[in-house]
Amino acid sequence: MDRIRSRGKGRQARRNIQRASYRVPQQWRDRAGQVAQALAALFFGFWQTLPDLPRRVRLLFLIKGWSWRIRFGLFAVLSVLLLWLVVSKSYLAYVEDAGSTTGLDPIDSEDYLSLAERRLRIRAAETSPPAQAAETSPFPQTAEAAPPRQAAESSPQAPGPVPNPITAELGNKARAQAVALLAQRPLDARSLRILGELAVSAGNQGKAATLMQAAARRSLRETAALVWLTGEHFKRGEFDKTAHYADALLRTRPQLVGQVTPVLARMAENKDAAGVLKDLLAANPPWRRAFFSSLPRNVSDARTPLDLLLSLREKPTPPGPADLRAYLNFLIKHGFYEVAYYAWLQFLPPEQLSGIGFLYNGSFETESSKLPFDWVIGSGSGVTIDVIPPPEDQTQKALYIEFGYGRVNLRGVTQMIMLSPGTYQLRGKYKGEVTGRRGLRWRIACAGGRRLGRSDMVLGTKPEWQQFKFSFTVPDRDCRAQKVSLVLDSRSASERFVTGSIWYDDLEISRDQPAATPSSESP
């Protein structure tokens, strides 16, 4: 079917040539324009470099006794000579030499380029990573953060996409057709890229690099060329060029961040390449947030992303909550609570860091960053949760929850905390009116799910602020981190029919006694 379609395209091309036979061929006009541009460039370039020429050569153009005709004639002869050198020694001549072994007509009935492109699977290169991530888990299987690994001293290996082998006949025909197209359209990046892939399939890495770089210079949309160059320069240890092509690739194809991140992650863990990556991230490229989201899954040390984030802390564009969220969530998921808590503290403003306690932002005066160690307010149906000033004091803020009519789905309000073993007390105040079979209550549980304590259920009408408190004990084993949650204590779907509204404020956790007494409270 492809062969029939290709033959149809060839016949149509010949018809177009016959219709245009009475006109000056387009390629002649293109060549004339190229020659004119080259002459203009040579003219301006010559006069710009005239002061750098040897003194005797400058005298040929500056002798006052010569007429302008002699000078112009001499300049024209030199221009033609220079133009011939450019054409004969140019990159196009280099490419043409690669396809001179075949006698294929520039206009052929077969579209060998597309056929070779399919065989080489170039179009599938957008889903081929320039380097494979480690097959092992990115984090050690221990409770504590592992010490950082030393980067390999040898040059890392990260080959580009490996094309499928093609026959020598198809390769020669596709190469000749690409050269013919380049003779007509010297800026055709697709032809240069396919020639580069053919060179890769033939094992000629030097020629492939030249062709791929030429394709990338003409168009940054040549994704396969950028992927190959990123991997090839990384394999050679040329980290500046690796960062350049990775940046260009992610700016034009941001959806490939998951495929490019393994290369950048290995740069971050290489002492010779980490500085290059940090400089690139300091410029705040548009793909930085997605990169930090993908980075934790591709590193061998839990602290590698933290090193990158800390290097940006004093830059004009420091990391924001969105840059930190994926990293902290990933650390918590893998049990690295201490590293996550330490990383979160590093990016708190000094005025907030000085007043931090067992529970952060218990008065809700600071806007939530939605990070795990701050208040995370979940969305839900039939309920509105917000932090707004209460009616009696517009200078303060409080947590406000309003239920609609019908069944509600309260996702809850949560915060991760880090308490050492011991007995504690959570207290606060509330007011409002809640109507339903079940009400709201605060719960505290270990990060693994073991419940430690809960408040009384709030149900009914409380028009004035009411105090509440309850005690809980953190055991000395298997509870390195805890979670505070506000939930609707329903046990079935019928108990989620709730109406009304409620306010919470001035939440605080304090220690009851220093001694640890492991125990838990049943729900």
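Computation of the quantities below employed the complete heavy-atom set of this structure, encompassing side-chain atoms and omitting hydrogens, waters and symmetry-equivalent molecules.
For Lys429, the salt bridge (charged side-chain N to carboxylate O under 4.0 Å, His left out) criterion is met by Asp506, not counting sequence neighbours. In this structure Phe403 satisfies the ring-ring contact (aromatic ring centres under 6.0 Å, His included) test with no other residue, sequence neighbours excluded.
The shortest distance between side-chain heavy atoms of Arg443 and Arg454 falls below 4.5 Å. Between Leu507 and Leu399, every side-chain heavy-atom pair lies at or beyond the 4.5 Å cut-off. In this structure, Asp301 and Asp307 have side chains that are not in contact, with every pair of non-hydrogen atoms separated by 4.5 Å or more. Put simply, the side chain of Gln467 does not reach to within 4.5 Å of the side chain of Lys469, judged on heavy atoms. Two residues are said to be in side-chain contact when any heavy atoms from C-beta on lie closer than 4.5 Å; Pro372 and Asn329 meet this criterion. Side-chain contact between Val458 and Phe468: absent, with no pair of heavy atoms (C-beta onward) separated by less than 4.5 Å. Side-chain contact between Leu249 and Leu229 is absent, with no heavy atoms from C-beta onward closer than 4.5 Å. Between Tyr245 and Gln213, some side-chain heavy-atom pair lies under the 4.5 Å cut-off.
When all heavy atoms of Leu277 and Leu264 are compared, the closest pair comes out as CD2-O, 3.3 Å. Nearest heavy atom pair, residue Arg221 against residue Thr252, reads NH1-O, 3.3 Å. Heavy atoms only, all atoms of each residue included: Gly422 and Arg511 are closest at CA-NH1, 4.1 Å. Across Gly258 and Ser294, no two heavy atoms sit closer than the pair CA-OG, 4.0 Å. Contact between Thr230 and Ala246 at its shortest, heavy atoms only, is OG1-N, 3.5 Å. Counting all heavy atoms, side chain and backbone alike, Thr499 lies closest to Gly404 at CG2-O, 3.3 Å.
Looking at Arg407, its side chain never comes within 3.5 Å of a backbone N or O of Arg496 through a donor-acceptor pair. Judged by distance alone, the side chain of Arg438 and the main-chain N or O of Met457 form no donor-acceptor pair under 3.5 Å. The backbone N or O of Ser369 lies less than 3.5 Å from a partner atom in the side chain of Arg325, making a donor-acceptor pair. Checking side-chain atoms of Glu238 against main-chain N and O of Phe234 turns up no donor-acceptor pair under 3.5 Å. Listed for the Gln415 side chain is a donor-acceptor partner under 3.5 Å among the backbone atoms of Tyr360. One N or O on the side chain of Arg441 and one on the backbone of Ser455 form a donor-acceptor pair closer than 3.5 Å. Of the possible polar contacts, one joining the Arg288 side chain to the Leu281 backbone as a donor-acceptor pair under 3.5 Å is found. The backbone N or O of Arg289 sits less than 3.5 Å from a side-chain atom of Ser293, completing a donor-acceptor pair. Between the Gln352 side chain and the Leu348 main chain, no donor and acceptor come within less than 3.5 Å of each other. Checking side-chain atoms of Glu222 against main-chain N and O of Arg193 turns up no donor-acceptor pair under 3.5 Å.
Checking Asp512 against Ser471 by side-chain atom types alone, a donor-acceptor pair falls below 3.5 Å. No hydrogens or angles considered: a donor-acceptor pair under 3.5 Å links the side chains of Thr423 and Thr473.
Between Tyr430 and Trp442, the gap from one ring centroid to the other reaches at least 6.0 Å. Taking the six-membered ring for Trp and the full ring otherwise, the centers of Phe292 and Tyr327 sit at least 6.0 Å from each other.
Aromatic ring orientation, Trp287 versus Phe291: perpendicular (interplanar angle above 60°, classes split at 30° and 60°).
To the nearest 0.5 Å, the span separating CZ on Arg480 from CD on Gln482 amounts to 10.5 Å. Summarising the geometry, atom NZ belonging to Lys483 is positioned 11.0 Å from atom CD1 belonging to Ile417; distances are rounded to the nearest 0.5 Å. Interatomic distance, CE of Met212 versus CG of Leu192, reported as 10.5 Å (0.5 Å rounding). Separating the CG atom in Leu309 from the NZ atom in Lys278 is a distance of 10.5 Å, to the nearest 0.5 Å.
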- prompt: What's the verdict on salt bridge (Lys or Arg N to Asp or Glu O under 4.0 Å) for Lys235 and Glu232, showing C-alpha distance, side-chain angles and the deciding distance?
  reply: CA-CA 5 Å; Lys235 181 175 67 175; Glu232 184 67 16; 3.3 Å; yes
Salt bridge (Lys or Arg N to Asp or Glu O under 4.0 Å) between Lys397 and Glu365, intermediate numbers included: CA-CA 6 Å; Lys397 291 184 179 180; Glu365 297 301 320; over 6 Å; no
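Of the listed residues (Trp465, Tyr400, Phe364), just one forms a ring pair (Phe, Tyr, Trp, His ring centres under 6.0 Å) with Trp503, and that residue is Tyr400.
Counting non-hydrogen atoms of other residues, nucleotides and ligands closer than 6.0 Å to CG of Asp456 gives a total of 12 or fewer.
Look at Asp374 and Lys370 and you find no salt bridge, because none of the NZ, NE, NH1 or NH2 atoms lies under 4.0 Å from a carboxylate O.
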